[in-house]
Amino acid sequence: MLIKRIDATRLDDCLELAVSRDWTPDARIWNLMFEIGVVFGIDDPGGGLAGCVVSTRYGTRLSAIGMMLVAEKFGRQGLGTRLMEHAIADAGTESTWLTATRFGKPLYEKLGFRSVGTCTRYAGDLRLTPAGASRPASTEDIPAIAELDAAVFGAPREHVLRALPAVADQVRVIEGTDGVRGYGVAWRNVDNTAIGPLVADDVRTAQDLIADLAAGSDQPSRFHLADTHSELREWLESHGAEQVFDTTEMVHGASHPGDRERLFLPLALATG
Ligand SMILES: CC(C)(COP(=O)(O)OP(=O)(O)OC[C@H]1O[C@@H](n2cnc3c(N)ncnc32)[C@H](O)[C@@H]1OP(=O)(O)O)[C@@H](O)C(=O)NCCC(=O)NCCS
């Protein structure tokens, strides 16, 4: 059962595999993955996919791995381990980052990933008054956003930022006297609006961005928050955010770069 790169013509197979493992079939995130990442798959000889994984590369410094799925009937035969080893080797970056559910964590530990923190998925109808501190971003803002983002994320992801306006519903920025102080993105999923990535100079700026992004959506919000952001976490919980599940952030190779204090929300669990 060979591992090969697959393209967006296999979207339906990815969605089918995701549904078979009780994941929400979110075509938008998969389409984005095909655009910004490398999707590897193993064909099920009976049709569809036996397994898949996605690697997103940020230069030579960092890659993120996610969307790791193996069909139940092919479980415990080493496919997950092979897919993960393949994705790490193909990216060839100094560090590889991922967030693990409790199902994937033992497998990643065996491959040398180490835990560096925890992250909680939140969802809820946020009871927030718009701050009115941000404005919609245009493509002209992308270079300034990318500059801030590179300093905070610690690896270049302008290719991801350039792909976002086409899939996102809102990209907003807050400016200070020295330029962009923060940016945030919101996009519709199947039954909620995902907020992230969100990068900001401080907690107040992050709060203002979240309030404005949530106000611009008629759906409940959803996001992933590292447990180190205790002030933002308490503020969001007091405004209607409810914990859904926890994941463990893990790193393989060199420590992950960047300024995690200003990296408030990831784009998605699969991408960082
Ligand atoms: C997590 C997941 C990807 C693992 O895939 P997998 O193909 O079963 O993984 P592997 O077969 O490589 O390894 C799983 C276990 O089988 C064992 N194994 C591997 N080959 C084996 C074989 N030939 N015979 C018996 N056991 C074997 C491994 O040692 C490992 O053991 P452990 O559970 O004690 O750690 C899969 O269960 C899945 O898709 N789950 C749902 C989605 C999910 O949670 N994804 C991960 C998100 S972080």
Side-chain angles (χ1 to χ4, degrees), residues 1-6 10-27 29-30 32-34 37-57 62-91 93 95-123 189-190 194 196 222-227 243-253 256 265-272:
M1 298 180 85
L2 289 177
I3 299 174
K4 60 179 184 184
R5 185 171 181 177
I6 57 172
R10 303 296 300 272
L11 173 67
D12 286 346
D13 292 332
C14 294
L15 295 176
E16 199 179 306
L17 180 57
V19 169
S20 80
R21 304 303 319 231
D22 297 326
W23 285 17
T24 310
D26 184 351
I29 183 80
W30 281 97
L32 182 67
M33 295 284 82
F34 281 114
V38 182
V39 185
F40 295 107
I42 297 177
D43 284 329
D44 175 345
L49 284 170
C52 68
V53 73
V54 181
S55 162
T56 310
R57 199 165 177 273
L62 181 69
S63 55
I65 295 184
M67 308 309 238
M68 167 70 143
L69 287 159
V70 171
E72 202 152 12
K73 66 175 169 175
F74 292 105
R76 301 188 67 84
Q77 295 173 32
L79 265 54
T81 303
R82 277 182 56 215
L83 281 164
M84 187 54 70
E85 284 172 336
H86 190 87
I88 297 168
D90 181 80
T93 46
S95 308
T96 304
W97 173 96
L98 57 75
T99 49
T101 62
R102 65 191 165 87
F103 305 108
K105 194 166 170 252
L107 190 159
Y108 307 143
E109 277 168 347
K110 277 188 200 163
L111 290 172
F113 279 87
R114 53 193 192 278
S115 304
V116 290
T118 50
C119 179
T120 303
R121 172 180 284 195
Y122 281 92
N189 279 298
V190 178
R222 176 195 103 180
F223 47 88
H224 302 98
L225 187 61
D227 294 346
Q243 299 187 19
V244 184
F245 63 82
D246 288 334
T247 56
T248 305
E249 292 194 53
M250 304 184 89
V251 171
H252 185 280
H256 56 339
L265 304 177
L267 162 60
L269 284 183
T271 58

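Only this structure's heavy atoms are used, side chains among them; waters, hydrogens and symmetry mates stay out. We count ligands from 1, going down the list as the structure has it; atoms in each ligand are counted the same way.
- Proximity annotation for atom 12 (O) of ligand 1: of Asp22, Leu79, Thr81, Leu69, Thr81 comes nearest, heavy atoms only.
- Scanning the protein heavy atoms around atom 37 (O) of ligand 1, the nearest turns out to be Arg21 NH1, 3.9 Å.
- Summary of contacts: the protein heavy atom closest to atom 5 (O) of ligand 1 is Val70 CG2, 3.6 Å.
- Among Arg76, Met68, Lys105, Met84, the residue whose heavy atom lies closest to atom 33 (O) of ligand 1 is Arg76.
- Side chain of Thr118 to main chain of Asp227: no donor-acceptor pair is present (N/O by atom type, distance under 3.5 Å, no hydrogens or angles).
- The closest approach between a heavy atom of Lys110 and any atom of ligand 1 is below 4.0 Å.
- With Met250 as the partner, the side-chain contact (heavy atoms from CB on, under 4.5 Å) test is satisfied by one option alone out of Leu111, Leu98, Thr99, Val116: Leu98.
- Residue Gly78 holds the heavy atom nearest to atom 19 (C) of ligand 1 of all those in Gly104, Gly78, Gly51.
- For the pair Arg57 (side chain) and Ala91 (backbone), a donor-acceptor distance under 3.5 Å is present.
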| request: Decide side-chain hydrogen bond (donor to acceptor under 3.5 Å, both in side chains) for Ser63 and Thr93; before the verdict, give the C-alpha distance in whole Å, the side-chain angles of both, and the deciding distance to 0.1 Å. | output: CA-CA 6 Å; Ser63 55; Thr93 46; 2.7 Å; yes
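- The nearest protein atom to atom 1 (C) of ligand 1, hydrogens excluded, is given as Phe103 O, 3.8 Å; this is a heavy-atom distance.
- If you check which protein heavy atom lies closest to atom 4 (C) of ligand 1, you get Leu107 CD1, 3.7 Å.
- In terms of heavy-atom proximity, Pro25 sits nearest to Leu15 at C-CD2, 3.8 Å.
- The closest protein non-hydrogen atom to atom 47 (C) of ligand 1 is Thr101 OG1, 3.4 Å.
- Near Tyr108, with a cut-off below 4.0 Å to any heavy atom, the atoms of ligand 1 are 46 (C), 47 (C), 48 (S).
- Within the set Ala270, Ala71, Ser20, Gly80, the minimum heavy-atom distance to atom 7 (O) of ligand 1 is found for Gly80.
- Classified by interplanar angle (parallel below 30°, tilted 30° to 60°, perpendicular above 60°), the ring pair Phe113/His252 is tilted.
- Between Asp43 and Lys4, at least one side-chain nitrogen of the basic residue sits less than 4.0 Å from a carboxylate oxygen of the acidic one, meeting the salt-bridge criterion.
- The atoms of ligand 1 that sit less than 4.0 Å from any heavy atom of Gly75 are 8 (O).
- Of the N and O atoms on the side chains of Thr120 and Asp246, at least one donor lies less than 3.5 Å from an acceptor on the other residue.
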